[in-house]
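Structure first, commentary second.
The structure displayed is predicted, hence computed values, not measured ones. As a basis for the values below, the full set of heavy atoms in this structure was taken, side chains included, without hydrogen atoms, waters or symmetry mates.
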Amino acid sequence: MLLFTLITFLSATLAASHQHLSRQIDDPIDASRTPWSHGTHNGFHYAFFTEARGPLTYQNLDAGRYRVEWGKDCAAFTAGKGWAGRDLPSTVNYNGTWTTTDGHLGLYGWSDSPLVEFYIIENWGLYDPGQDREKMGEVESDGSVYDVYRWRASEKAYWKYFSVRRGKRTGGRIEVTKHFDRWNELGMTMGKLEYFILATEAVSYVETRPGWGGIWRDIDGGVAEVEVWRG
């Protein structure tokens, strides 16, 4: 279901990235009534999508700021602000608060032809974003080493690329093109960039422990208020 939601959302977002959307949303978006939304707000592209289960609200604030709050047993979601279309920055700055043990915080986006979903993860909770991924290498940037992974569910699925920061943080500079260049050196081909956002993402997951097998972990809830701007 989430894969279908993501593909449907991506198709609409790719089309929207070539239009000059002017929709403004300042009131909180309740996921129980609006499971996905995207557009422009104060000159930034925003994106929000979920499976619409459990308590979850997203709100666009001034400039590049947003707030998202979610409760226990909420469905997986991705939400944030950034840029779409041709004028994507090579360096991004961000700061804010991120209070949760769920999911992760970082740059998130898509490229087209080939279709690639990508992450530059800055902070995360109990779930290790590198769990069960193929380690491809490392990249050093902005005062830390990032571990580089890739993953896809099957031979027919699109690739997912990850740079995961070892020194967790909730604020700083992200040298976006440095990650893209390193991925290319490692044979991780990118297509035409469509958009990226500084995203908060929460996921349910299976925790693996030696001798224990898999333990299912539901989302516990949290709150994030984040601001993003060009480097």
Side-chain angles (χ1 to χ4, degrees), residues 1-6 8-9 25-39 41 44-82 94-109 117-133 151 160 162 164-172 174 196-209 212-228:
M1 179 62 182
L2 182 58
L3 178 59
F4 174 78
T5 303
L6 287 171
T8 302
F9 171 82
I25 297 182
D26 292 311
D27 293 332
I29 301 171
D30 185 342
S32 64
R33 294 191 295 270
T34 308
W36 67 275
S37 180
H38 66 96
H41 183 268
F44 290 84
H45 180 78
Y46 78 89
F48 165 74
F49 53 89
T50 179
E51 290 180 332
R53 173 175 59 83
L56 169 63
T57 58
Y58 171 81
Q59 185 176 18
N60 285 313
L61 303 175
D62 61 297
R65 292 173 58 236
Y66 71 88
R67 175 184 172 87
V68 60
E69 186 169 358
W70 63 102
K72 185 174 178 60
D73 297 329
C74 170
F77 72 87
T78 302
K81 268 185 172 181
Y94 77 100
N95 62 24
T97 59
W98 186 78
T99 308
T100 182
T101 59
D102 302 322
H104 39 257
L105 174 72
L107 202 73
Y108 167 84
E117 184 180 19
F118 61 84
Y119 297 82
I120 302 174
I121 296 176
E122 297 283 288
N123 204 346
W124 68 93
L126 297 177
Y127 172 67
D128 178 1
Q131 178 177 301
D132 301 324
R133 315 299 191 204
W151 179 82
K160 296 186 177 188
F162 304 82
V164 181
R165 186 180 175 91
R166 292 181 186 175
K168 298 180 184 181
R169 63 179 183 175
T170 310
I174 304 175
F196 53 67
I197 58 176
L198 203 293
T200 297
E201 183 168 294
V203 294
S204 301
Y205 66 98
V206 177
E207 180 183 359
T208 58
R209 297 181 182 179
W212 284 58
I215 302 173
W216 181 258
R217 298 293 188 189
D218 285 320
I219 292 171
D220 288 328
V223 60
E225 187 168 319
V226 180
E227 180 178 13
V228 62

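In this structure, Ala199 and Thr78 approach most closely via the heavy-atom pair CB-CG2, 4.0 Å. When all heavy atoms of Ala202 and Trp70 are compared, the closest pair comes out as CB-NE1, 4.1 Å. Across Thr100 and Gly221, no two heavy atoms sit closer than the pair OG1-O, 3.2 Å. Among all heavy-atom pairs drawn from Cys74 and Ile219, the shortest one is O-CD1, 3.2 Å. Of all heavy-atom pairs between Ala75 and Glu51, the closest is CB-CB, 3.7 Å. Taking all atoms of both residues into account, the shortest heavy-atom contact from Trp98 to Ala224 is CD1-CB, 3.7 Å.
Annotation: side chain of Val164 is in contact with side chain of Trp124 (closest heavy-atom distance under 4.5 Å). Taking the side chain as every heavy atom from C-beta outward, Glu117 and Tyr108 approach each other to under 4.5 Å. Considering only heavy atoms from C-beta on, Asp102 stays 4.5 Å or farther from Tyr127 through its side chain. Residues Phe48 and Ile197 have side chains not in contact (no heavy-atom distance under 4.5 Å, counting atoms from C-beta outward). Side-chain contact check for Glu201 versus Tyr119: some heavy-atom pair is nearer than 4.5 Å. Proximity of Val223 to Thr97: side-chain heavy atoms (C-beta onward) are nowhere separated by under 4.5 Å. Annotation: side chain of Leu198 is in contact with side chain of Leu105 (closest heavy-atom distance under 4.5 Å).
Remark: Thr170 engages Asn123 in a side-chain hydrogen bond (donor to acceptor under 3.5 Å, both in side chains) (not counting sequence neighbours). Qualifying side-chain hydrogen bond (donor to acceptor under 3.5 Å, both in side chains) partners for Thr57, counting only residues two or more places apart in sequence or in other chains: none.
Using cut-offs of 30° and 60° for the angle between ring planes, the Tyr46 and Tyr58 rings count as parallel.
A distance of 7.0 Å separates CZ of Phe44 from NZ of Lys81, quoted to the nearest 0.5 Å. If you take CD on Glu69 and OG1 on Thr99, they are separated by 10.0 Å, rounding to the nearest 0.5 Å.
Proximity of a side-chain donor or acceptor of Tyr94 to a complementary backbone N or O of Ile174 within less than 3.5 Å is not detected. In this structure, Thr50 contributes its side chain and Ala76 its backbone to a donor-acceptor pair below 3.5 Å. Within the 3.5 Å criterion, the main-chain N or O of Trp151 finds no donor-acceptor partner in the side chain of Lys160.
Considering His104, Lys168, Arg169 in turn, Arg169 is the only one that fulfils the side chain to side chain donor-acceptor pair (under 3.5 Å) rule with Glu122.
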- Task: Evaluate the salt bridge (charged side-chain N to carboxylate O under 4.0 Å, His left out) criterion for residues Glu227 and Arg65: first the C-alpha distance (whole Å), next the side-chain angles of each, then the deciding distance (0.1 Å), finally the verdict.
- Result: CA-CA 4 Å; Glu227 180 178 13; Arg65 292 173 58 236; 5.1 Å; no
- Message: Working note: Val226 + Val68, criterion side chain to side chain contact (heavy atoms under 4.5 Å, CB included); need CA distance, chi angles, decisive distance, verdict.
- Response: CA-CA 9 Å; Val226 180; Val68 60; over 6 Å; no
